[in-house]
Structures are given as structure tokens and as C-alpha cells.
Amino acid sequence: MLQLNVIRENRDRVVQGLKTRNFREEDLGLVDKAIALDDRRKEVQTSLDEAKAKRNSLSSQVGALFKEGKRDEAEQIRKEVSGLKEDIARQEEELRSVEAERTEVLLQLPNIPHDSVPAGHTDEDNEVYQAWTSELPTLGGDALPHWELAEKYGIFDLQLGTKITGSGFPVFRGKGARLQRALIAFFLDEASKAGYEEVVPPLLVNEDTARATGQLPDKEGQMYYVERDNLYLIPTAEVPLTNIYRGDILSVDDLPVKITGYTPCFRREAGSYGAHVRGLNRVHQFDKIEIVQIAHPEQSYAVLEEMLLHIGGLLTKLELPFRVLRLCGGDLGFTSALTFDFEVYSAAQERWLEVSSASNFETYQSNRLKLRYREGEGAKPQLVHTLNGSALALARIIAALLENNQTPEGIVIPKVLQSYTGFDRID
RNA sequence: GGUGACGUGGGUGAGUGGCUGAAACCACCAGUUUGCUAAACUGGCAUACUCUUAACGGGGUAUCGCGGGUUCGAAUCCCGCCGUCACCGCCA
């Protein structure tokens with residue numbers, strides 16, 4: 001959520017940002033509407049506070065007068081205060097409704113894109129930030145897509161998952177399951193080496209948590225929901241990991257906070273179908289190692305750069321061809337100021353698969369999280385910047401590994417993984 | 001799930017209707033004193049919103065788990081919810 005004072009002070013920049021996101025002309029008015037509602041809120045707040053101050057001072061007189069035995073005077077003031085009650089109640093009601101309306105409007109405003117975000121409408125318009133300069137691997141005409149390889153080598157079984165749960169819930173078996181575990185261990189070890197604290201968070205979260213990182217209300221339909229207990233299955237570890245610090249005031253010395261966690265991720269992916277979502281390209285449950293940083297506002301873009309290097313390093317170690325995209329305004333997530341996507345080239349499908357997304361949310365999340373830091377002793381608390389990235393998402397990495405590494409003798413496991421898998425090929 | 005106890009500031013903990021935004025102690029910060037350190041002493045030490053100020057600052061409101069109620073006035077009384085702990089039940 002954007003801060004109102006930021007909107008006030010940078011009104012034109014906010015409007016410009018919405019345009020970068022291709023906001024409809026009629027919705028640009030939301031910015032001024034938010035400001036107007038906040039003006040009204042201030043008015044009511046001030047007038048309500050005055051009424052309450054009067055009540056409080058009169059009330060304390062009542063007590064004093066009673067003690068002095070001046071019953072009549074006390075009685076008179078008491079009646080006067082009684083009259084104030086109605087007025088206070090009415091103003092409280094108005095304050096509540098103005099605040100609710102203001103929040104409603106603020107929730108509809110996405111983050112302001114960073115200056116470097118290119119204009120554009122779809123993923124076609126994303127800017128190639130770091131291209132793959134070597135040659136892309138080519139496989140012969142008999143190369144198989146990963147879903148066929150999976151069947152051939154018994155790596156995972158989607159039909160079995162359908163029997164147990166429903167479509168989009170793969171069952172990994174044998175060496176496939178082992179490969180999965182190897183990747184998780186590898187990614188976590190790499191994150192630890194890079195200074196991230198490893199965390200095992202809950203997989204179900206409550207409403208407050210889902211709201212604080214921005215999944216509610218804008219991505220409600222994307223999450224599985226357990227109605228009986230009013231809990232949501234996490235779509236990404238970002239949600240519980242970032243919420244660890246919800247409401248906290250950190251010292252500047254604590255920054256940056258670096259945490260990582262492996263979790264399964266659950267996504268309903270409502271409305272997705274077609275050839276591009278075959279196999280592991282898009283599933284309802286997949287495993288992901290997430291890295292999260294809570295950073296000083298002045299450091300956050302350097303931190304984002306550091307995260308990109310970390311993620312790129314993983315792909316390099318896995319010997320996968322990849323490129324990095326800077327998302328355009330139209331493709332940028334609602335809460336993000338700047339996002340880079342990592343795509344791995346899948347040689348058999350001859351297309352790029354998104355395997356990671358790293359974003360700087362600046363203060364958009366921290367404002368909802370009420371997550372702040374203090375510059376020094378006694379300094380006023382300020383919002384931190386939050387960032388996160390996948391490092392990495394497993395399903396599509398496996399898809400790419402299977403496809404790119406297929407040989408007539410089976411699927412070759414990259415060297416770095418061999419000590420984790422305990423085998424060097426799947427055949 | 002059942003029964004009982006409890007929920008106060010960074011921590012311990014006092015406080016049963018007004019003088020309590022909250023004692024005291026600990027921790028922390030600054031200063032004084034002192035060969036150094038330690039000790040002692042003095043002072044400071046919540047957050048949000050809001051008004052005011054060029055600024056430093058000052059004023060107001062709210063917050064004692066959360067939400068409602070009673071009252072001129074609530075940390076304190078009443079109701080609901082949530083949580084923690086103990087015992088029982090169940091259980092990886």
C-alpha cells in the first residue's frame with residue numbers, strides 16, 4: 001500500500017507511474033480521491049479529538065468537584081458531558097467510514113514503478129536485461145519434451161497425481177523424487193553460503209499475514225483457502241517469511257535481514273490451460289526456495305543486484321542457458337516497483353521458461369507490514385524496503401534439466417548436483 | 001475437544017472506577033564522578049494519528065491481548081472473541 005504522504009508529495013509521479021502500468025484514464029482519479037478522502041479524515045480526526053479533549057477535561061472536573069462536595073456543580077457538568085456523547089459517537093462513526101473508504105481506494109493503487117521500468121503492455125514488451133550470449137543448445141528432431149521424458153524414465157507422473165488429488169499435482173518417483181530433494185538441498189546450501197538464514201515457516205497463513213504481503217485482496221482467487229479455519233495455503237514462501245517481521249521496528253544495524261526458506265507453493269492457477277501449461281510448465285503445487293531481504297532504503301537496489309547475481313550463479317552452476325528480463329509496466333506485479341524475471345531455455349520445447357522472479361517492493365509491503373527501522377538511537381522509525389526472489393522454483397528447473405540434458409544414454413545430472421543425487425544420470 | 005488459571009511498556013512486575021501513559025526493578029542510552037574497568041549518582045528511554053512551529057519543540061487524541069458494552073469518567077466493571085499455561089482426552 002502506498003503511503004498517503006508519499007502520494008501527496010509526489011502526486012504527479014504517482015499518476016505517471018499508473019500510466020506506465022497502463023491504468024485506464026478514468027482510474028487515474030483514484031489518486032486525487034485518496035487525497036481528498038484523507039483531507040476529510042484529518043478534518044474529522046481533529047474535530048473528534050477536540051470533542052474528546054473537552055469531554056476528558058470536564059470529566060476530570062466532575063471527579064474533583066465530587067471530592068470537594070460540590071454536588072450540584074458536579075451534577076451540572078455531568079449533564080453537559082452527557083450531551084457530548086452523541087456528538088462524539090457520530091464523529092467516530094464518520095471517521096471510521098472515511099478511513100474505510102480511504103483504505104479501499106489505497107488498496108486499488110499499485111506500487112509506483114521504478115524509473116527504469118519500460119513502458120509496455122504484455123510480456124512481449126519486457127526488456128532483455130541480460131541476454132544469453134552463447135549459442136543456445138539445439139537437440140535433434142527426436143528430442144522429447146519433459147513430460148514424455150518423465151514417462152520414459154519414470155521421473156514423475158501427472159496422471160497419478162490426478163487420481164490422488166487432481167490435475168496439476170505431479171507425483172515424483174524414484175530418481176525424480178531424489179532429484180527434487182537434491183535441488184532443494186543444493187539451493188538451500190547456496191543460500192546459506194550467501195548469508196541467508198534458513199527458516200522453515202508454516203505453509204498455511206492467516207488473513208492478516210496474507211494481507212500484509214499483498215496477496216489479499218488482489219490475489220485472493222489465486223490461493224487455496226481453508227474455510228473452516230480461515231487459513232490460506234501459501235502461494236510462495238515470501239508470505240510467511242516476510243511476515244516474520246510484521247510490526248517490528250528494527251535497528252539500522254540489523255539491516256539487511258537475509259532469510260531463505262524452502263516450501264511447497266500452492267496456486268490455483270484458475271483459467272490456465274493449453275499447450276503451454278503441459279507437464280511441469282504450470283502446476284498447482286511446486287517446490288521453491290525463496291530468498292527474502294529486508295533492506296535499508298538506500299541499499300535496496302544494490303541488494304536487488306546482489307540477488308540477481310545469486311540467482312544467476314545458481315543457473316550457471318546448473319549449466320542451464322538463461323536470460324534476465326526487466327518487466328515492463330504492463331507485466332509488473334501489483335506490489336512491485338521493479339522486477340527481473342529469469343528464464344531458462346528449454347531446448348525441446350524451444351521456448352523460455354520463467355524460473356525466478358526477483359523484485360524490490362520498496363515500501364509498498366513494509367507499509368502494510370508496519371515494518372520499520374530506526375536510523376539511530378531515538379530516531380523516528382522509517383519504513384524499510386523489502387525484496388524477494390526465487391532461488392529457485394523447482395518444477396520448471398526440472399523440466400529444463402530433463403530436456404536440455406537428454407542423451408541417448410539417459411539424462412545427465414549436472415556436476416554440482418551429483419553429490420546431492422548420488423547418481424550421475426537417469427536412465 | 002473438556003475444565004481451570006492467566007494475558008499491563010524491551011523484560012520482570014505493581015495497579016479493582018478519576019490524582020495512572022501507567023509505580024518499582026532490570027535492561028538500554030547520555031552525562032557526572034573515578035588511574036582504566038567496575039561501582040555510585042543524575043537524566044533520558046513506546047507507538048500511531050492530529051494540531052501548531054522555519055526548526056528545536058509544544059499541545060490534543062488513542063493504545064494495558066482484540067472487539068463491543070456500562071459510566072460524566074475504564075488497565076480496573078460486564079459481554080464476546082483470540083492467545084498462553086496447567087490438567088484431562090486425542091495424537092505424528
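The chains referred to below are lettered A, B, ... by the order of the sequence lines, with proteins before strands, and numbering in each begins at 1.
Checked against the 6.0 Å centroid criterion, the rings of His284(A) and Phe266(A) do not qualify as a close aromatic pair.
Across every strand in view, rU12(B) sits in a pair with rA24(B) that passes the Watson-Crick or G-U test at under 3.5 angstrom. Pair check for rA38(B) finds none; no Watson-Crick or G-U wobble contact set falls under 3.5 Å. Under the Watson-Crick or G-U wobble criterion, with both distances below 3.5 Å, rU3(B) is paired with rA86(B). Taking a pair to require two hydrogen-bonding distances under 3.5 Å in either a Watson-Crick or a G-U wobble arrangement, rA62(B) pairs with rU47(B). rU76(B) is unpaired under the Watson-Crick or G-U wobble criterion, no partner having all donor-acceptor distances under 3.5 Å. When both distances must be under 3.5 Å, the Watson-Crick or G-U wobble mate of rG17(B) does not exist. Using N1 to N3 plus N6-O4 or O6-N4 for Watson-Crick, or N1-O2 and O6-N3 for G-U wobble, each under 3.5 Å, rU33(B) pairs with nothing.
Between Gln285(A) and Cys265(A) there is no side-chain heavy-atom pair separated by less than 4.5 Å.
Protein atom CD of Gln382(A) is 15 Å distant from nucleotide atom C1' of rA48(B), rounded to whole Å. Rounding to whole angstrom units, CG of residue Asp248(A) and C1' of rA48(B) are separated by 16 Å. Rounded to a whole Å, the CD1 atom of Ile249(A) is 14 Å from the P atom of rG9(B). When the P atom of rA48(B) is taken as reference, atom CZ of Arg246(A) falls 17 Å away, rounded to whole Å.
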Reading 5' to 3' through nucleotides 54-84 of chain B, protein heavy-atom contacts under 4.0 Å coded B for base, S for sugar-phosphate only, - for none: ------BSS-----S---BS-----------
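For the C1' atoms, the distance linking rG11(B) with rG17(B) amounts to 29 Å, nearest Å. rG15(B) and rC25(B) have their C1' atoms separated by 15 Å, given to the nearest Å. Between rA30(B) and rA24(B), the two C1' atoms lie 22 Å apart (nearest whole Å).
At least one side-chain nitrogen or oxygen of Arg374(A) sits closer than 4.0 Å to the OP1 or OP2 atom of rU47(B). Between Arg372(A) and rU47(B), a side-chain N or O to OP1/OP2 separation shorter than 4.0 Å is absent.
Residue pairs that meet the salt bridge (charged side-chain N to carboxylate O under 4.0 Å, His left out) test with at least one member in residues 199-209 of chain A, sequence neighbours left out, are Glu207(A)-Arg211(A). Within the structure, the ring-ring contact (aromatic ring centres under 6.0 Å, His included) test picks out the following pairs touching residues 81-117 of chain A (sequence neighbours left out): His114(A)-Tyr301(A).
A donor-acceptor contact closer than 3.5 angstrom links the side chains of Asn243(A) and Arg246(A).
The CZ atom of Phe361(A) lies 9.0 Å from the CG atom of Asn111(A); values are rounded to the nearest 0.5 Å.
Checking side-chain atoms of Asp125(A) against main-chain N and O of Thr122(A) turns up a donor-acceptor pair under 3.5 Å.
Partner Asp287(A) forms a side chain to side chain contact (heavy atoms under 4.5 Å, CB included) with one of Phe172(A), Tyr262(A), Phe187(A) and no other, that one being Tyr262(A).
Of the residues in residues 30-43 of chain A, those with a non-hydrogen atom less than 4.0 angstrom from any atom of RNA chain B are Arg41(A), Lys42(A).
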Under 3.5 Å, which donor-acceptor pairs do the side chains of residues 328-343 of chain A form with other protein atoms, sequence neighbours left out?
unit_1, atom_1, unit_2, atom_2, d
Asp331(A), OD2, Asn126(A), ND2, 3.0
Ser336(A), OG, Leu338(A), N, 3.2
Ser336(A), OG, Leu338(A), O, 3.2
Ser336(A), OG, Thr339(A), OG1, 2.6
Thr339(A), OG1, Ser359(A), OG, 2.8
Asp341(A), OD1, Ser357(A), OG, 2.9
Glu343(A), OE1, Arg323(A), NE, 2.9
Glu343(A), OE1, Arg323(A), NH2, 2.8

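For Glu94(A), the salt bridge (Lys or Arg N to Asp or Glu O under 4.0 Å) criterion is met by Arg40(A), not counting sequence neighbours.
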